[in-house]
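Below is one structure, written out as C-alpha cells, with a few remarks after it.
Counting starts at 1 for both ligands and their atoms, in listed order. Basis for what follows: all heavy atoms, side chains included, without hydrogens, waters or symmetry-related copies.
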Amino acid sequence: MNSPLVGILMGSQSDLDVMSEASQVLQEFGVPHEMKVLSAHRTPAGTAEYAVNAESNGLQVLIAGAGAAAHLAGVVAAHTTLPVIGVPLASSSLLGLDALLSTVQMPGGIPVASMAIGKAGARNAALFAIQILARKDPVLGDKMRSYRRSMREKIEAIEL
Ligand code: RP5
C-alpha cells in the first residue's frame with residue numbers, strides 16, 4: 001500500500017458515515033489516503049501533533065470534517081501550511097449552519113477551503129484534493145477529465 005497523500009480527519013466517530021464519501025471518491029481515483037478521528041477540543045494535543053507532522057509524513061492535502069462549533073479545520077490549518085479543506089457537518093440542532101459558519105469564517109491569515117454541508121461537501125472535498133494533486137500528476141488529471149466527461153454524458157443522455 002502506497003503511503004497516504006490525503007488525510008481525512010473528523011471530529012467524532014459519529015461523522016464517519018458522511019466523511020466516508022470522501023474516502024470513496026479517493027478510492028475511485030486510486031489516491032492513497034488515511035482516515036482519523038481527531039478532535040480539536042477532545043484530543044487537542046493529538047490533533048496538533050498530527051497536523052504538525054503531516055507534511056513530513058508525506059501528506060499533501062488534509063480534509064477536516066466536523067459539526068457544531070466546528071474548529072477542527074481551522075486548528076489543523078493553524079499547525080500546517082498544507083492546504084486544508086473543511087467539511088461542515090450537520091450534527092447539531094442547527095443542522096450544519098453552525099459548522100458552516102465556523103468553517104468558512106476563518107480570520108485572514110490561516111485559510112480553510114470550505115465545502116458544502118454534509119455528503120456533497122465531503123465528496124467535493126475529495127474532488128478538490130484530487131484537483132490539487134493533479135497539478136503534479138498528469139494521470140490524475142486525465143482521470144478527473146474523464147470523470148467530468150462521464151457526468152456530462154449522463155446528463156446529455158437524458159431523454160424526457
Ligand atoms: C463535533 O461534534 C464532531 O465533529 C461531531 O460532528 C459533533 C458531535 O460529536 P459527538 O458528540 O457525536 O461525538 O466535534
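In terms of polar-atom proximity, defined here as any N/O pair under 3.5 Å, G67 does make such a contact with ligand 1. Backbone and side-chain nitrogen or oxygen atoms of D15 are examined, and one is located within less than 3.5 angstrom of a nitrogen or oxygen of ligand 1.
The protein atom (non-hydrogen) at minimum distance from atom 14 (O) of ligand 1 is H41 CE1, 3.3 Å. Looking at atom 12 (O) of ligand 1, its nearest protein heavy atom turns out to be S14 OG, 2.7 Å. Looking at atom 10 (P) of ligand 1, its nearest protein heavy atom turns out to be S12 OG, 3.5 Å. Remark: minimum distance from atom 11 (O) of ligand 1 to any protein heavy atom is reached at R42 NH2, 3.2 Å.
Hydrophobic clustering (ILVMFWY, side-chain heavy atoms < 4.5 Å, transitive): M10 and V112 are in distinct clusters. The cluster map of Ile, Leu, Val, Met, Phe, Trp and Tyr, joined by side-chain heavy atoms under 4.5 Å apart, puts L133 and V84 in different clusters. Hydrophobic clustering of Ile, Leu, Val, Met, Phe, Trp and Tyr side chains at less than 4.5 Å, counting indirect connections, unites V6 with M19.
Side chain of T80 to main chain of A77: no donor-acceptor pair is present (N/O by atom type, distance under 3.5 Å, no hydrogens or angles).
Here is the list of ligand 1 atoms found below 4.0 Å of a heavy atom in S91: 5 (C), 6 (O), 7 (C). Which parts of ligand 1 touch A66 is read off a 4.0 Å heavy-atom cut-off, strictly below it: atoms 4 (O).
Put simply, the residue from V52, L9, V76 that forms a side-chain contact (heavy atoms from CB on, under 4.5 Å) with T47 is V76.
Neither the backbone nor the side chain of M10 comes within 4.0 Å of ligand 1, counting heavy atoms alone.
Residues S23 and H33 bring a donor and an acceptor atom of their side chains to less than 3.5 Å of each other.
Atom-to-atom distance recorded for L94:CG and L100:CG is 11.5 Å, nearest 0.5 angstrom.
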